[in-house]
Amino acid sequence: MKTMNCDRHYLQLLSASFPTIAAASTEIINLEAILNLPKGTEHFLADLHGASAAFQHVLKNASGNIRRKVSELFKGDIREFERRELCTLIYYPEQKLELIKAAEEDIDDWYQIIIHRLVSVCRDVSSKYTRSKVRKSLPEEFAYIIEELLHERTDDIDKAAYVNVIVDSIISTGRADDFIIAICNVIQRLAIDQLHILGDIYDRGSGAHIILDTLRPLHTWDIQWGNHDILWMGACAGNNACICNVLRLSLRYGNLATLEEGYGINLVPLATFAMETYGDDPCEEFIPHLLTGNKQDEKTIRLIAQMHKAISVIQFKKEAQIFKRHPQWQMQDRYLLEQIDYERGICIIDGKGYEMTSCHFPTIDPKNPCELTTEEYVLMEKLHHSFRVCEKLQKHCKMLLSHGCMYAICNQNLLFHASCPLNADGSLKEVELYNGECFKGKELMHHIGMLIRAAFESDTEKELRLFARDYFLYLWCGKDSPLFDKSKMATFERYFLTDKTTYKEEKGYYFQLRDSEEVCDRILDAFGVTGVNRHIINGHVPVHASKGENPIKAGGKLMVIDGGFSEAYHRETGIAGYTLVYHSRGFELVQHEPFMNAEDAILRGTDIKSTTQLVELSAQRMLVRDTDKGAELRSQIEDLRQLLYAYRHGIITEKSRA
């Protein structure tokens, strides 16, 4: 005789949602049906670095998936030019409609044709999902109409007139434009079931805030924090060294749009201080690296260089102060301002003197080189205030906290941005966190995530909150940080030392050993990732595709998908980013070429040129039952069966009979 495995109290709670045998049975039938749908398509992106236009376009075209579906649906029926125009309309409906209406002689006839085509595309991208899920994706004002069109076909003679009248009515009531925009947005939304971002939304490019605004309305996305995200989160939490680093990196690339336009950070105090302090300094080491399209006059470039140097010097001071508060981090080798012989113009490292590019430091007292001057202190107070009171930055940081963590495990894939600290033999390395506690692997990632959250929680004990705020800096540049994992961050050396051998940053053992299947298996085991086709997916380190580097490593166990979305990396990688696509038939790696701009795409129908590489195909099509979601649904089904048993044996009474 069957017995109940569920707790009776739990079943009582469950009965509130399913009060009768009929309700519980219907839900079981529904969930069993969902288990047999094809697996939804997951998209993995990494290291966006402010490249908002390219990111938005990749979302709109679903990494080329929409173009592929349009080609499959209409190949042989319409010309290639028309297919390209249809794709552009789906990507940019508002803008493309204006161009078409200005050129089209018979707009009603065009509406008739294009609405039927859009319905066909929408029907195709929604075919994996239940009607309920599709319904939730529909805009309220057109939900009923779109749903009817999706589930009725003109090739059904009995329904052809019905469908045609719906389309005629959309046009005759003047709602065609609104309907087209709505259904195009639905196509974009349904083409990607789950979006995973493996860190580094911030820095380099100018659109990090735009990327986060784009993500805000999406429900199915997650992020594994990258080192640049952590830097901005640290600045948001009030870590002054992180604030300095954020400003320095923005000035290094002449990228002031994110700071000033995106977040309204007031840079006037920094500009004023820099002009007064470094007015006679050529600041040659601090000339910004301007990206294409970021044109600046000579006067502005000089001011940016002065600001760049001013904040860099303050950064080195603030970093040393934090490192001295935490000697257990073993960052004593980063007190480089104390190693300068200011009279001879050399820096002494490991007993050897290195010539400096310049030694003009008007704000440094050689006897106390890490102390801020009164003017620097006042400046930092103003900058600190700007970051702490910025409402939009605080909202974006909350988004990163609510959608993010240090790692994630999803459908037999272990996701993290950069590294899992290892020893020389490939074993997991223990890293000290708070109060001498040491962790490794999964526990290390988990406790770091909790520490990050503690910095923002008002009820956190003060000493812990202060440590957590400082720890953002260690995560940015600490030797055993899972987000850095190098011997040092040679920022000072690159600015001030002429000997380029000092620039070298030795990578940690994870990066040295990650080509080993054995090491990857050891990490996957430690994180509890099971299954035959399990993987680690990372970003962080750009893949030099132009030099033949393969992003697929360790016999397919590891995928590194940092292909350089930001223009700053295009020359280094030879491409403009990767998207890893995991659909019901397996993995595909999509390699992107540089995106021109949205205007060019709208006017000429250009798209990101992408090359697809098959990574791993399944012997049979994967269904929802093969995913983590499937495991959840099977558990729910079992609970519902237990509820049915309880109803039928009088253990719990149906609500309708009470």
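Computed from heavy atoms alone, side chains included, the values below leave out hydrogens, waters and symmetry copies. As the structure is a computational prediction, the values presented were derived from the model and not from experiment.
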Visitor: Would you check if there is a donor-acceptor pair between the side chains of H43 and S63 at a distance under 3.5 Å?
Guide: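 A pair is found: one side chain offers a donor N or O, the other an acceptor, under 3.5 Å apart.
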Visitor: Is it possible for you to check whether K39 lies under 6.0 Å from the centre of the six-membered ring of Y582, through NZ or CZ, and within 45° of that ring's axis?
Guide: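 Yes, a cation-pi geometry.
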Visitor: Residues two or more places apart in sequence or in another chain: which of them pass ring-ring contact (aromatic ring centres under 6.0 Å, His included) with H396?
Guide: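 With sequence neighbours excluded, H396 shows a ring-ring contact (aromatic ring centres under 6.0 Å, His included) to Y263, given in chain and number order.
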Visitor: Please name all residues satisfying side-chain contact (heavy atoms from CB on, under 4.5 Å) with K442, sequence neighbours left out, ordered by chain then number.
Guide: Y407, F527
Visitor: So, using side chain to side chain donor-acceptor pair (under 3.5 Å) as the criterion, who are the partners of T214 when residues are at least two apart?
Guide: Q56
Visitor: H447: what forms a ring-ring contact (aromatic ring centres under 6.0 Å, His included) with it, not counting sequence neighbours?
Guide: F439
Visitor: Using the test ring-ring contact (aromatic ring centres under 6.0 Å, His included), find all partners of Y471 that sit at least two apart in sequence or belong to another chain.
Guide: W329, F467, Y474
Visitor: So that I can tick it off, tell me whether E285 and R494 are bridged by a salt bridge, with the cut-off set at under 4.0 angstrom between side-chain N and carboxylate O.
Guide: no
Visitor: Does one side chain, of H540 or S419, offer a donor that lies under 3.5 Å from an acceptor on the other?
Guide: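 No, S419 and H540 have no side-chain donor paired with an acceptor closer than 3.5 Å.
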Visitor: The criterion is side chain to side chain donor-acceptor pair (under 3.5 Å); which residues satisfy it with R585, sequence neighbours excluded?
Guide: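 Checked R585 against side chain to side chain donor-acceptor pair (under 3.5 Å); zero matches.
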Visitor: Counting the benzene-type ring for Trp, do W225 and H417 have ring centres under 6.0 Å apart?
Guide: no
Visitor: Counting only heavy atoms from other residues, nucleotides and ligands, does the tally under 6.0 Å from CD of Q328 exceed 12?
Guide: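 Atom CD in Q328 is crowded, with more than 12 foreign heavy atoms closer than 6.0 Å.
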Visitor: K479: what forms a side chain to side chain donor-acceptor pair (under 3.5 Å) with it, not counting sequence neighbours?
Guide: none
Visitor: For residues 239-247, please give each side-chain donor-acceptor pair under 3.5 Å, one per line with the distance, not counting sequence neighbours.
Guide:
unit_1: N239; atom_1: OD1; unit_2: A241; atom_2: N; d: 3.0
unit_1: N239; atom_1: OD1; unit_2: C242; atom_2: N; d: 3.0
unit_1: N239; atom_1: ND2; unit_2: R469; atom_2: O; d: 2.7
unit_1: N240; atom_1: OD1; unit_2: H384; atom_2: ND1; d: 2.8
unit_1: N245; atom_1: OD1; unit_2: R248; atom_2: NH2; d: 3.2
unit_1: N245; atom_1: OD1; unit_2: Q315; atom_2: NE2; d: 3.2
unit_1: N245; atom_1: OD1; unit_2: W476; atom_2: NE1; d: 3.4
unit_1: N245; atom_1: ND2; unit_2: A241; atom_2: O; d: 3.0
unit_1: N245; atom_1: ND2; unit_2: E319; atom_2: OE2; d: 3.0

Visitor: Q194: what forms a side-chain contact (heavy atoms from CB on, under 4.5 Å) with it, not counting sequence neighbours?
Guide: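 If we apply the side-chain contact (heavy atoms from CB on, under 4.5 Å) test to Q194, skipping adjacent residues, the hits are E42, H196, T220, D222.
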Visitor: Taking only residues two or more places apart in sequence, or in another chain, which ones meet H49 in a ring-ring contact (aromatic ring centres under 6.0 Å, His included)?
Guide: H228, Y569
Visitor: Charged N to carboxylate O under 4.0 angstrom, K429 versus D480?
Guide: yes
Visitor: Checking S427 now: which residues fulfil side-chain contact (heavy atoms from CB on, under 4.5 Å) with it, not counting sequence neighbours?
Guide: N423, D425, R522
Visitor: When you check the side-chain N and O atoms of D499 and T501, is any donor under 3.5 Å from an acceptor?
Guide: yes
Visitor: What about the rings of Y335 and F323, do their centers lie closer together than 6.0 Å?
Guide: no
Visitor: side-chain contact (heavy atoms from CB on, under 4.5 Å) with P551: which residues, sequence neighbours excluded?
Guide: V543, Y578, L589
Visitor: Would you confirm whether the ring centroid of Y253 sits within less than 6.0 angstrom of the ring centroid of H308?
Guide: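 No: the rings miss the under 6.0 Å criterion.
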